[in-house]
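Notes for the one structure printed next.
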Number of protein chains: 2
Amino acid sequence: MQNSEALGLTAALLAVAGELTQRIHDGVVARGFEGRPAYGFAFTRLAPDGATVTELARHLGVTKQGASQLVEELVAKGYVERRPHPRDARARLVVLTERGWACTRAAEEAAAEVVEGWSGALGGEAEVRALREQLARIAPCGPIRPAW
Amino acid sequence: MQNSEALGLTAALLAVAGELTQRIHDGVVARGFEGRPAYGFAFTRLAPDGATVTELARHLGVTKQGASQLVEELVAKGYVERRPHPRDARARLVVLTERGWACTRAAEEAAAEVVEGWSGALGGEAEVRALREQLARIAPCGPIRPAW
DNA sequence: AGTAGATGGTCAAGCAGCTTGACTATATGA
DNA sequence: TCATATAGTCAAGCTGCTTGACCATCTACT
């Protein structure tokens, strides 16, 4: 593998990632939600049972102050709410509201639309699944950098 | 393909893209260059024969003022220089300096290092090449959003 | 129990990197 | 030749993050 090929792979990967981000965002907006792409990253961490600001910060790869400001924004727009933490009086659990869940579903739909388009380019759904599995193998488990 | 699977693919793709961006940046810094990831995007457009500020802006998906500021930064750090455009007295051609080329090569090396690690996770270089080809098929030809 | 240090969260100020708006110089076409 | 479009820059403003300071609470050690 020559170095220039690695750069070609990098360019393709980042172009696809950028395009995907943009189109999911557009799709979410088209479904009546406002926001910026960073919301999506936050939602994936908050989705199951909520999370604290500090956990969210680690997930996003930003400071806890940055995460706190994002949560403030999400609260103002009605996507999440802060609740007292059941086992730690210092902490507050940030959980999705019904509207937050609806926005998450909208993002899923938008993502599915884009990915469906990839089926055509790649030859079928099996290829898309294969792509997903390959990416999952090399995906890091660390913090997600807000790359959109 | 269920919607949630599309979101899983999205998460994996963006995680890989973020990780790759970070590690290329780290590798470039380790080789003695300073800068931010956006430089890499610019270099890929400037590399062959240079480009005007407006062309660069379209490539990066930012305003021409934003691109102009980035070029100013690159000039100050010695990575590029502005030359009169051969056929348009309004325009100026931004071209890489020798240091700019050296930085590009450093980025290639860093990218190759990361991609080499993927060979292990995927089973071999053939799989990496296949991944690259799949991504190239679905990569957009439009402007690259500065996702790092 | 009492206390020192670690940790969760917020407020405030600052900064980087982008935007919009206004402007000049040059090109293009009726 | 003049009207309009385009390349580029300067200036000001905004957004989303950072660093620094601080309080409340938890944890562990004495």
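Below, read A as the first sequence line, B as the second, and so on, with proteins coming before strands; counting in each chain starts at 1.
- Shown here are the side chain to side chain donor-acceptor pair (under 3.5 Å) partners of A:Glu81, two or more places apart in sequence or in another chain: A:Arg83.
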Report each atom pair, protein N/O against N/O of nucleotides 2-7 of chain C, whose distance is under 3.5 angstrom.
residue	atom	partner	partner atom	Å
C:dT7	O2	A:Arg90	NH1	2.6

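- Listed by chain and number, the residues in a side-chain contact (heavy atoms from CB on, under 4.5 Å) with A:Val29 are A:His25 (sequence neighbours excluded).
- Between the side chain of B:Glu55 and the backbone N or O of B:Thr52 there is at least one donor-acceptor pair closer than 3.5 Å.
- Every side-chain contact (heavy atoms from CB on, under 4.5 Å) that A:Thr63 has, sequence neighbours left out, goes to A:Gln65.
- Listed by chain and residue number, nothing satisfies the salt bridge (charged side-chain N to carboxylate O under 4.0 Å, His left out) test with A:Glu34 (two or more places apart in sequence, or in another chain).
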Enumerate all atom pairs, one protein N or O and one N or O from nucleotides 20-23 of chain D, separated by less than 3.5 Å.
residue	atom	partner	partner atom	Å
D:dG20	O6	A:Gln65	NE2	2.6

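- With sequence neighbours left out, B:Glu113 forms a side chain to side chain donor-acceptor pair (under 3.5 Å) with B:Arg31.
- Applying the side-chain contact (heavy atoms from CB on, under 4.5 Å) rule to B:Arg99 yields the partners B:Phe33, B:Tyr79, B:Thr97; only residues at least two apart in sequence or on another chain are considered.
- Only B:Gln69, B:Asp88, B:Ala89, listed by number, bring a heavy atom of residues 68-89 of chain B to less than 4.0 angstrom from any atom of DNA chain C.
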Hey, can you pull the donor-acceptor pairs under 3.5 Å for the side chains in residues 84-96 of chain B, sequence neighbours left out?
residue	atom	partner	partner atom	Å
B:His85	ND1	B:Arg87	N	3.1
B:His85	ND1	B:Asp88	N	3.3
B:Asp88	OD1	B:Arg90	N	3.0
B:Asp88	OD1	B:Arg90	NE	3.2
B:Asp88	OD2	B:Arg90	NH2	3.0

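- Every residue two or more places apart in sequence or in another chain that forms a side-chain contact (heavy atoms from CB on, under 4.5 Å) with A:Glu72 is listed here: A:Arg82.
- Atom CG of A:Leu56 is separated from atom C1' of D:dC17 by 14 Å (rounded to the nearest Å).
- Interatomic distance, CH2 of A:Trp118 versus CG of A:Leu20, reported as 4.5 Å (0.5 Å rounding).
- Among the atoms of the strands shown, base atoms are found under 4.0 Å from some heavy atom of B:Thr63.
- In this structure, the CZ atom of A:Phe41 is 15 Å from the C1' atom of D:dG16, given to the nearest Å.
- Contact annotation: B:Arg36 reaches the phosphate of C:dG17 (side-chain N/O to OP1 or OP2, under 4.0 Å).
- Annotation: salt bridge (charged side-chain N to carboxylate O under 4.0 Å, His left out) contacts of B:Glu73 (sequence neighbours excluded): B:Arg36.
- Side-chain atoms of A:Thr52 lie closest to C:dG8 of the nucleotides C:dT10, C:dG8, D:dT9.
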